[in-house]
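Written out below as structure tokens is the structure these notes cover.
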Amino acid sequence: MKRKFVLPDTSAKELSIQPLERSETIPSTWYTDPRFFEVDKKAILSNTWQGIGHISRLRNAGDQIVGIVAGNPILVVRGQDGIVRAFYNVCRHRGGPLALEDCSTKVLQCKYHGWTYLLDGSLRGTPRFDRTELFDKKDFGLIPVQLQTWEGFLFVNLARKATGLQSTLKDIKERILPISLATKKFYRRISYQVNSNWKVYVDNYLEGYHLPYVHPELCNLLDYQNYVTETFDYYSLQYSPIQEKGNFYGSNNSSAFYFFVWPNFMLNILPGRLQTNLVIPSSHNCCTVLFDYYYDDVESAEGRKVIEEDIQYSDKVQKEDAEICEHVQRGLESAAYHKGRFSVDMENGVYHFQTLLKKAYRSFFQT
Ligand code: FES
Ligand SMILES: [Fe+2]
């Protein structure tokens with residue numbers, strides 16, 4: 001049955017995929033019309049693997065992390081049996097929250113009227129509920145969500161049937177050898193609000209075309225001439241040798257890997273350092289970007305110094321990106337803009353993302 005959506009720029013022609021050389025960029029309405037925010041939640045965020053945190057933050061039974069996926073509050077918790085599970089962070093009584101922030105508790109207690117759940121999601125305590133009839137606690141456990149782990153990263157998927165995460169991310173591990181993600185230690189999370197559509201932020205991440213104009217300093221650090229973008233089924237890789245000698249990312253001849261994992265997760269890998277970015281859409285013109293920092297060495301004084309420099313530097317680059325994204329959002333919202341074109345040399349990563357987006361929209365609008 002066809003969905004009865006009457007949204008602009010969603011004809012078969014608009015959703016068709018042309019070769020990069022001839023392709024237009026996606027229409028501005030997809031970034032600016034609030035109704036596409038709802039489409040993105042249903043067509044993309046609700047049925048893809050969504051990063052939610054790192055296993056190192058769930059060491060002991062009762063450790064919990066919270067997140068928002070496609071607008072849904074999610075809770076991930078390690079059980080008494082050691083198993084890590086994900087649930088909607090939504091009480092089965094009247095929808096209250098079990099956890100308001102990352103924390104550690106022996107049972108999950110609703111913040112509204114105090115119902116308690118065991119760490120495996122089963123309902124245990126229901127104060128002042130003796131006279132309620134035809135009520136069986138067994139029917140009111142927390143609603144589980146699919147959870148998978150890759151290299152220590154936790155991902156959830158709200159779809160009932162989801163393809164394996166491992167197959168989505170296959171080959172990344174081999175590609176970055178001898179670097180191993182699993183040995184990195186979590187250091188800090190920094191959250192940024194960006195006043196643009198989440199897709200503006202992702203587009204911007206996916207090309208080095210803007211480097212000389214938006215980040216001239218980063219341009220000196222990376223070997224801009226040898227910056228390459230490779231695309232795979234559900235991820236892409238921007239790769240660049242690091243050219244500046246004596247910078248805090250280590251010696252010459254090292255490389256920077258920027259992986260984008262469809263639809264909103266990034267792994268930025270430099271010598272001794274890993275930074276992940278998770279882009280969480282919060283409305284049609286606003287998103288939150290979570291930067292999680294991981295390092296090989298988080299203990300020594302020397303290590304700490306490198307970390308502080310790294311975080312300061314990333315913060316500068318992020319602010320430059322956020323600022324240009326906010327300007328672009330205004331440009332997309334203006335009467336002047338509808339669609340653009342791609343640089344074949346520099347924007348195949350953006351084209352790859354927009355092609356996956358069109359495919360997701362196609363199955364949403366045309367089935
Ligand atoms: S909503 Fe949770 S106890 Fe009432
Ligand atoms: Fe940038």
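In each ligand, atom 1 is the first atom listed, and ligand 1 is the first ligand listed. On a predicted model such as this, the values are computed, not experimentally measured, just so you know.
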Query raised in the report: atom 2 (Fe) of ligand 1 to C110: any N/O/S contact under 2.8 Å?
Result: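 Looking at C110, which is the residue asked about, there is an N, O or S atom under 2.8 Å from atom 2 (Fe) of ligand 1.
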Report task. For the pair K305 and E302, find out whether any cationic side-chain nitrogen is under 4.0 Å from an anionic carboxylate oxygen. Result ->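 Here K305 does not pair with E302 in a salt bridge, since their nearest N and O are not under 4.0 Å apart.
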Would you say the side-chain atoms of [X] and [Y] include a donor-acceptor pair closer than 3.5 Å?
X: H284; Y: D40; result: no
X: Q329; Y: N197; result: no
X: Q312; Y: E308; result: no
X: Y361; Y: T10; result: no
X: Q64; Y: T105; result: yes

Query raised in the report: Can you name the N/O/S atom of H93 that is nearest atom 4 (Fe) of ligand 1?
Result: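 Sorting the N, O and S atoms of H93 by distance to atom 4 (Fe) of ligand 1 puts ND1 first.
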Query raised in the report: Which N/O/S atom belongs to H113 and is the closest one to atom 4 (Fe) of ligand 1?
Result: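 That would be atom ND1.
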Starting from the Fe ion (ligand 2), look over the N/O/S atoms of [X] and name the nearest one.
X: H215; value: NE2
X: D321; value: OD1
X: H210; value: NE2

Query raised in the report: Is C91 close enough that one of its N/O/S atoms sits under 2.8 Å from atom 4 (Fe) of ligand 1?
Result: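 Coordinating: no.
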Could you tell me, atom by atom, which parts of ligand 1 come under 4.0 Å of a heavy atom of [X]?
X: G96; answer: 1 (S)
X: G95; answer: 1 (S)
X: G114; answer: 3 (S)

Query raised in the report: Checking R175 against F232: charged group under 6.0 Å from the ring centre and within 45 degrees of the axis?
Result: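 Judged by the rule (NZ or CZ under 6.0 Å from the ring centre, within 45° of its axis), R175 is not positioned above F232.
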**Report entry** Proximity of W115 to ligand 1 by residue part, where a heavy atom lies under 4.0 Å
**Finding:**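 The answer is both.
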Query raised in the report: Looking at atom 1 (S) of ligand 1, what's its closest protein heavy atom, distance included?
Result: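 Protein heavy atom at minimum distance: R94 N, 3.2 Å.
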Report task. Mind running side-chain hydrogen bond (donor to acceptor under 3.5 Å, both in side chains) on S343 and D345 for me, showing each step along the way? Result -> CA-CA 5 Å; S343 158; D345 289 342; 5.1 Å; no
